[in-house]
Amino acid sequence: MITSTQTFGTDQADPDETLADPMELLGLWLPENADELRPLMTLSTVDADGYPDSRNVLLSEFDGEALYFHTDARSRKAGELATNPRVALAFVWIELGRQLTVVGDAAPATPEEAAAAFAARSRYLQLLAWRNGADLAGLGLAARRAAWVAFAAEHPEGTLEPPPTWTGFRVVPRRVTFWRGDPDGPSNRVEYTRSGGGWEAVRLPG
Ligand SMILES: Cc1cc2nc3c(=O)[nH]c(=O)nc-3n(C[C@H](O)[C@H](O)[C@H](O)COP(=O)(O)O)c2cc1C
């Protein structure tokens, strides 16, 4: 039996059963792509000096093999990914006592996928993709809001295409770690690492 929650995905009935393919478990833990409430994940990249760099982004989609996020092509993260595609992702569902961490490689998503992700974004997030650049960042609050309101008035709901700077990345996992809390016992982690054509799983403390 699978236990279900409305927006935080589902879980295995028996968490001690090690599934052969962690993508199956990812599919249970992540919400449906059609769910408007997208999970937030901490995305870590590596900068030119080798320092990790983290920020939170929305998970746009999971296609059974890769996790997608979308951003501005002029952003620091996009610049870092152009020279080093290695990333880490971290999700936490505090209410469920679950953490999911992923290490993998990011590659550009197709224009079709990016366009579909833009179409699925809320009106506010579509406006943000258009009007959140360096030209407004240095203005005062009143000027920023005036530019926003004017842009929104010129572009009624449903008319916005993705801006040229809209870009998507698909992250293919090489390591996936599922952490479950247990109020009546120790937490438990199961970690999957790609090995040959399949996955190796190990149970870990902590
Ligand atoms: C709740 C929340 C959701 C966010 N979602 C995104 C997102 O999906 N894509 C994105 O590029 N930035 C998103 N941001 C902003 C990023 O955290 C970050 O500030 C921005 O992308 C610039 O990052 P960079 O300079 O490291 O590239 C979000 C921030 C918050 C707080």
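Just follow the structure's listing: the first ligand is 1, and inside any ligand the first atom is 1. Quick note: numbers below take in every heavy atom, side chains included, and nothing from hydrogens, waters or symmetry partners. None of the values given here were measured: they were computed from a predicted structure.
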Next on the checklist: For Trp166 and Asp72, which I'm curious about, is there any donor-acceptor pair between the side chains at under 3.5 Å?
Outcome noted: no
Checklist entry - Side chains of Glu113 and His70: is there a donor and an acceptor less than 3.5 Å apart? => result yes
Item to check | Residues which pass side-chain hydrogen bond (donor to acceptor under 3.5 Å, both in side chains) with Thr83, listed by chain and number, not counting sequence neighbours | outcome: none
Checklist entry - Any chance the rings of Trp179 and Phe91 have centres within less than 6.0 Å? => result no
Checklist entry - Going by an N to O cut-off under 4.0 Å, is there a salt bridge joining Arg55 and Asp53? => result yes
Next on the checklist: At less than 4.0 angstrom from any atom of ligand 1, which residues have a non-hydrogen atom? List them by chain and residue number.
Outcome noted: Leu40, Arg55, Asn56, Val57, Leu58, His70, Thr71, Ser75, Arg76, Lys77, Arg121
Checklist entry - Can you find a pair of side-chain heavy atoms, one from Tyr51 and one from Glu80, that are under 4.5 Å apart? => result no
